[in-house]
Amino acid sequence: MSLFATFSRSVALAVMLVITSPAALAQLEPTDEQRQAAVEIADSLRYGHYADINFDEQWSAEAFQRYLDILDGQRSYLLHRDIEPYRHLERDMAEALFDGDLDDAFALYNRLSERHTARLEWLLERLNEGLSFEFDSDERLEVDREEAPWATRESELDELWRKRLKNDALTLALTDQDDEQIEDNLRQRYEGQLSRLRQSESEDVFGLIMAAVSSTIDPHTGYLSPRQSESFDIQMSLSLEGIGALLQADGEYVKVSSLVPGGPADRAGVLEPADRIIAVGQEEGDMVNVVGMRLDNVVDLIRGPKGSVVRLDVVPAQAVDMTRSQIVEITRDTVSLEDQAAHSEVINIERDGKPHRIGVIDVPTFYVDFDAWQAGEEEYRSTTRDVAREIESLKKEGVEGIVLDLRNNGGGALQEANSLIGLFIDRGPTVQVRDAQGRIQLYGDTEAGTIYDGPLTVLVNRLSASASEIFAGAIQDYGRGIVVGTPTFGKGTVQTLNDLSHGQIKLTRAKFYRISGDSTQNRGVEPDIIFPSLIDPERIGESSLDNALAWDTVQNVQYRRYGSPENALAALTSQHQERAKENPNFRYLERQSTLARQLREQHTSVSLNREQRQRELEAQEAEQLSLENQRRRALNLPELDEWMDARSDNSQPEGSETDAANEDDKDEDMPADRAHVLEAAEILLDYAHLQGSQRMVKR
């Protein structure tokens, strides 16, 4: 019997499931420990959080809406009448939190669980009836229902889920799976989701409620259950290995938010920020579909012993259709200090027939060997010490300037950011930290003298965060150098981890400010010269997170400037733009980022007609492939037949020779990575020559 030809029977069966399924489900209730923890969390937020929170009816309405979004963000399970009995929480959420009264919030979850269970059973019943694989209708499926009204009738959701099931089947069909494979994969997916749903515990529900409460305030404040606290401790001690990727929930998908520099995923080069993981497998055996799976469960599947292999089915960030996935393999490992150590290279540039040398120091993170430092060892490793050593080496190489590469540097030890700035300035303040009471603590470099006072450029991108932003902002404020790249992440807040009687709370307690008085929060650091990027700021970065704390300012501090690079920016920008127009990689980045944004804006629905869907997909990928091959032709690289091949292709220009100073074969990097660092070196050479000319004029 065909799925799509028997819709009327499906409606009747769905009604029966809704009536009969709830009785089989255990009704989850809050424990006394959770009630007490809720009160402690409320007090922590009221008295310990950086923001001045007014727990009024407006806050209650926002928290209740946030809870609904977490439970059913796509408006796919709950009906309007399911929510109405709990509408009083729009006024009373704050009071319920401070009283530890979680009964109604739990009851709403139980109702969602009943609807979710019934829907999964409905899908499995459709599979048992047999699917139709004739995808020849003109129907389309809306892909984002966040703003959709709540359905008033079960039949409305039946129609939605009929289309979703059809889309799930079509998505697999487009990956060349046969009918039996499609049915088996869908059954495994839905049965897995149903099994996990039935295993839900009260701690799971409590975590969802607290997530709604905390994320209403800011995205970095949150509750950690006893299990999550233990997992956090394991991660910090590095006793359990993984792939070195930070993940976050993105609707029903798990998204890569960033890669740990020097980690297994970073070294393998098979993952990028905003990639979505749809299945996880071990070295042998079947892949486990993780669409709809909770984030911590996905993390558990990915982690494992050092040396073992994990397989990930990944949809690239630039893909506009979930059919375009590929399986990658990563060998689990720990991240050692050596993997994250600063390292340098010399880039040779020819101008007017003369050779010039520019040094580049890559700083993956701000690190310090705390154990060796606390033990009083004189030769302990740290970012500042390693960079100082690289600077001395580059000086001996006779470089005309140094590029400090902070791309993908997510921060680390604040003390290292301060001391690193001290290599380039002769004592002075570096950052202001403001607490909830408005008290400002000033940090700075207290060491006299500098290691390097020549031309300096700082290269940043959207994944440069926290301590990286403090460093880049200070160099900019001091006029010590120029900052190039893309606007940074915007992580300008400080968190502490506090114990509760049940679990822990991560609490935003303070905010970073530059010495100029500007916050790095939300806006990040704006480069003096901006490069194009494939990282979408609407998907990655502080400003992309819900309820991120706002940008603001405090009083600036007294400091002396070392130069006025802003006076050279007009000339530097003009010279950069002339090169960028002729640079195939820069043209590609600009056009590809524009195209990717346009495709996402257009991608509001998908066709359920196989031929139409294939045409749309091919047209989109043809545009992306055309841009990629234009770049390749300009660089004398072999052209590709498939756009997806660009992720794994490391071809070099025909007839290219690896520079003796670049023995690590840097041209194998992705075009954005290498194009950015090479252009940063060009800009720095321009800057060095301008500074030299100005000195000649002054003399």
Side-chain angles (χ1 to χ4, degrees), residues 10 14 17-18 62-84 86 105 108-124 126 139-171 186 189-190 192-194 196-197 200 204-205 207-209 211-212 215-216 248-255 274 276-278 289-295 297-298 315 319-323 538-539 544-547 600-608:
S10 301
L17 285 171
V18 170
E62 291 174 0
F64 179 68
Q65 184 60 52
R66 188 73 176 165
Y67 187 44
L68 285 176
D69 289 341
I70 290 174
L71 291 180
D72 190 9
Q74 291 295 309
R75 311 296 192 257
S76 305
Y77 300 104
L78 292 169
L79 297 174
H80 186 270
R81 65 174 180 270
D82 295 327
I83 301 169
E84 288 309 296
Y86 309 101
L108 179 53
Y109 171 85
N110 286 328
R111 187 57 182 142
L112 179 278
S113 181
E114 292 165 0
R115 290 290 189 187
H116 196 170
T117 299
R119 184 55 59 191
L120 289 169
E121 290 174 342
W122 184 89
L123 290 169
L124 288 168
R126 306 285 74 71
E139 295 177 313
R140 299 190 71 87
L141 172 67
E142 185 181 12
V143 295
D144 186 358
R145 288 174 45 84
E146 287 184 0
E147 303 300 325
W150 295 101
T152 58
R153 298 184 304 278
E154 187 73 22
S155 58
E156 296 176 48
L157 294 184
D158 285 340
E159 174 66 6
L160 169 65
W161 280 98
R162 181 187 68 81
K163 288 184 177 181
R164 283 191 170 184
L165 178 55
K166 189 172 183 179
N167 179 62
D168 288 347
L170 176 55
T171 298
L186 291 179
R189 179 188 304 183
Y190 302 143
Q193 292 177 5
L194 185 58
R196 291 189 293 270
L197 183 61
S200 296
D204 299 320
V205 187
L208 296 177
I209 299 169
S215 62
T216 303
Q248 69 182 71
D250 183 20
E252 61 181 348
Y253 297 101
V254 169
K255 179 175 71 177
R276 286 156 290 181
I277 299 172
I278 60 175
N289 188 284
V290 298
V291 177
M293 186 181 290
R294 275 181 25 188
L295 178 61
N297 289 332
V298 178
V315 178
V320 293
D321 194 289
M322 297 306 293
T323 63
E538 294 185 7
R539 301 172 69 182
S544 72
L545 302 176
D546 292 336
N547 298 315
R600 282 192 295 273
E601 291 172 353
Q602 296 167 6
H603 193 66
T604 58
S605 66
V606 292
S607 174
L608 299 180

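Given the structure is predicted, the values throughout are model-derived calculations rather than measurements.
- Under the side chain to side chain contact (heavy atoms under 4.5 Å, CB included) criterion, Thr216 pairs with Trp59, Glu62, Ala63, Arg66, sequence neighbours left out.
- Evaluation of the side-chain hydrogen bond (donor to acceptor under 3.5 Å, both in side chains) rule for Gln65 yields Asp69 as partners, not counting sequence neighbours.
- For Arg196, the salt bridge (Lys or Arg N to Asp or Glu O under 4.0 Å) test picks out no residue, with sequence neighbours left out.
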Self-check item: CA sep, side-chain torsions, deciding dist, call: Leu160, Leu141, side-chain contact (heavy atoms from CB on, under 4.5 Å)
Solution: CA-CA 8 Å; Leu160 169 65; Leu141 172 67; 4.0 Å; yes

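- A salt bridge does not link Asp168 to Lys163: none of the charged side-chain nitrogens sits closer than 4.0 Å to a carboxylate oxygen.
- Residues Leu68 and Trp150 are in side-chain contact: their nearest non-hydrogen atoms beyond the backbone lie under 4.5 Å apart.
- Here Ser200 pairs with Tyr109 under the side-chain hydrogen bond (donor to acceptor under 3.5 Å, both in side chains) rule; sequence neighbours left out.
- Evaluation of the side chain to side chain contact (heavy atoms under 4.5 Å, CB included) rule for Glu84 yields His80, Arg87 as partners, not counting sequence neighbours.
- In terms of the side chain to side chain contact (heavy atoms under 4.5 Å, CB included) criterion, residue partners of Gln74 (sequence neighbours excluded) are, by chain and number, Ser76, Asp144, Arg145, Glu146, Arg164.
- A distance of 6.0 Å or more separates the ring centres of Trp122 and Tyr190.
- No side-chain heavy atom of Leu157 sits less than 4.5 Å from a side-chain heavy atom of Arg115.
- A salt bridge between Arg75 and Glu142 is absent, with no side-chain N of the basic residue lying under 4.0 Å from a carboxylate O of the acidic one.
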